Structures are given as structure tokens and as C-alpha cells.
There are 2 protein chains.
Amino acid sequence: MAADRLSQVFAALADPTRRDIVARLTLGDASVAELAQPYDVSTQAVSKHVKVLQDAGLVSRGRDAQRRPCHLEAEVLDLMTAWIERYRRAADERFRRLDALLAQDQNSERPEPGAAS
Amino acid sequence: MAADRLSQVFAALADPTRRDIVARLTLGDASVAELAQPYDVSTQAVSKHVKVLQDAGLVSRGRDAQRRPCHLEAEVLDLMTAWIERYRRAADERFRRLDALLAQDQNSERPEPGAAS
DNA sequence: TTCTTTCACAACCAATTGGTTGCATACGAC
DNA sequence: GTCGTATGCAACCAATTGGTTGTGAAAGAA
């Protein structure tokens, strides 16, 4: 349970059902029972999924009479985007340097067209 | 093993060690032994982690004598970014609509905010 | 050839996960 | 108060995961 936030978010979204739930919540808040409707699993199972999303900070719960509607906290997604983009960019830059090196290597034979998209 | 690619990528990056390995690979290709160096786990354990990354399509292997260097396939990260951004944007738009509705609400009456389903 | 290095595969074990069911609780209706 | 709905919590089970060790294959070096 003591995993870092980023791992929790990644793990939470590794399950197709939970990604589905997140997608569903972009359309509007929903109770556990409403979320469980499309699936043929028990509401308890969905409740567990929601708890995972909640622990990851992706979902917050409200209170409306007996219902406790789930609300998507989309900002947490930025955590992942930040991580991904960081290393995506690092990899890209490395590839660019590598390409440049190769181009320099073959300078006499094949001048490199600027293929750095 | 029959999970969809997106789930595999999310699950692969849910482990801090594997995220570390990916980060390490942005600096350059590396063998399993080199990757295992900083950790106090067996090379076999690292080999398993690499296999997970490989199954997710994040890493490809080469051949250099006995060494089988790991190479980062960064394009797969775009899969995740696409998913995240899609729902991030959907959530943002919904919030904007909600805000607009609330602003309208203050100007006139109260036309039931939660009934957008 | 034999030795060493690098690594994958198989078997095994402990911990976690995703599901179940049953019971308890919170709230509104009666 | 009692009843019904929505939900959480605990216990349990099967499957998966992350680690281990042992064996063995592939590719050079001696």
C-alpha cells in the first residue's frame, strides 16, 4: 500500500475495467451502482475498483443522500503525462544525436536530410 | 498474456524498477547485466523485468556477441499519451461546460446540473 | 576441445490481485 | 422506531506477480 503515487496511477490504469470507469466518469459523476451497470460483476467488485482509483487519487467521492458519487480528478493524469513526456523526449534527443553522429560518419557518402520530426 | 497492448504498457510501467530501466535506456542501450548493476537483485529478476517491457513492446533486443543489448522503443509511449490526453481533454471540456452552466445558473435559476447522462 | 560470460527457461515460493459472499453501516422513506 | 437502498468491510479463493535457485544454451577466449 506504500507504493509511490506514480506507480499507483499506472497500476490503476493497467486494468481495462478501471480505464473504462475513468472514461465513463469523464461524462459525469456516477455512483458505484451506476458504474457497475454495464458490467456483469458485482457492485462490490466495482467498489473495489473505485477504491483503487481513489487510492491513486484519480477519483474522489461525494455524498448525496445514500449515494456517494464518484468524481474524476483529472489533474492526476498530468503526473503520468509528465513522466512519459520526460523520457519520451530524452529518448528522442538521444536518437537525434545518434542520427547526427551517423550522418557525420557517412558525411562523404550520404548527406543527411533533416529527418528530425 | 492476452491482455491488450495498452494494459501491458500501463502494467509494465507500474513498477518503479521497470520505470527506472526505461529511464536508464533513454541514455543508451544496455545489457541485462549492466541494467542489473545498480540493484541488489539477481540478473534473472532483471531479465524478467526486461521480458515484461519486451512483451509490452517498450524494449527490443539486439545481439552483440554474447550480449543482447536492450533498446528502448519510445514510440509505444505515444499509445499511453494518446489515451491519457483523450480523457484528460474530455474531462476538461466537461468541467468547462459545467462551469458555464453554473455561471448561467447564477444568472437565472437552477436547471439540475447532474442530469447530463 | 574446454572454460567463461551472458542470458533464457523451468520450477518453486511468498505476496498481491480480482473476484466472490456475507454482514454491518449510513441515509432517507415509512 | 422499522424497512429498503447504497455502500463499505472482512473473509475467503483462484490466478497472477516478483522474487529465488538451478540448469543449460550461445558465443567468444584459452
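Proteins get letters first, then strands, A, B, ... in listed order; numbering begins at 1 in each. The figures here come from the full heavy-atom set of this structure, side chains too, leaving out hydrogens, waters and symmetry mates. Quantities reported herein were computed from a predicted structural model and do not represent experimental measurements.
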Point to revise | Euclidean distance, atom CD of residue A:Gln37 to atom P of D:dT7 [Å, nearest integer] | key: 12 Å

Point to revise | For atom CZ of B:Arg68 and atom P of D:dG28, their distance in whole Å | key: 12 Å

Practice item. Name the closest nucleotide to the B:Ala33 side chain, picking from D:dA6, C:dC7, D:dC9. Key: C:dC7

Review point. Taking the side chain of B:Arg63 as its heavy atoms from C-beta onward, which of D:dA27, D:dT7, C:dA8 lies nearest to it?
Key: D:dA27

Exercise for review: Return each pair, listed once, that meets ring-ring contact (aromatic ring centres under 6.0 Å, His included) where at least one residue sits in residues 26-62 of chain B; pairs must be two or more places apart or across chains.
Suggested key: none

Check your understanding: ring-ring contact (aromatic ring centres under 6.0 Å, His included): which pairs involve residues 50-72 of chain B, sequence neighbours left out?
Key -> A:Phe95-B:His71

When you compare the protein's N or O atoms with those of nucleotides 28-30 of chain C, which come within less than 3.5 Å of each other, and at what distance?
none

For [X], all residues meeting side chain to side chain contact (heavy atoms under 4.5 Å, CB included), sequence neighbours excluded:
{"X": "B:Ala56", "value": "B:Gln8, B:Val9, B:Ala12, B:Leu58"}
{"X": "A:Arg63", "value": "A:Arg68"}
{"X": "A:Gln66", "value": "none"}
{"X": "A:Gln44", "value": "A:Ser42"}

Would you list the pairs meeting salt bridge (charged side-chain N to carboxylate O under 4.0 Å, His left out) in which at least one residue belongs to [range], sequence neighbours left out?
{"range": "residues 27-49 of chain B", "result": "A:Arg94-B:Asp29, B:Glu34-B:Arg67"}
{"range": "residues 12-25 of chain B", "result": "A:Asp4-B:Arg19"}
{"range": "residues 69-80 of chain A", "result": "A:Asp78-B:Arg88"}

Looking only at side-chain N and O atoms, does [X] come under 4.0 Å of OP1 or OP2 in [N]?
{"X": "B:Ser31", "N": "C:dT6", "result": "no"}
{"X": "A:Arg67", "N": "C:dA26", "result": "no"}
{"X": "A:Ser47", "N": "D:dG8", "result": "yes"}

Revision key, fill the gap. Whether each nucleotide of nucleotides 12-23 of chain D has a protein heavy atom under 4.0 Å at its base (B), only at its sugar-phosphate (S) or at neither (-) is summarised, 5' to 3', as ------BBBBB-

Check your understanding: Any link between B:Val32 and B:Leu27 through a network of hydrophobic side chains (Ile, Leu, Val, Met, Phe, Trp, Tyr) touching at under 4.5 Å?
Key -> no

Exercise for review: Verify the cluster assignment for A:Phe10 and A:Val52: are they in a single hydrophobic cluster under the rule of side-chain heavy atoms below 4.5 Å apart?
Suggested key: no

Exercise for review: Please round to 10 degrees the angle between the axis of the first five pairs and the axis of the last five pairs in the helix from C:dT1-D:dA30 to C:dC30-D:dG1.
Suggested key: 10°

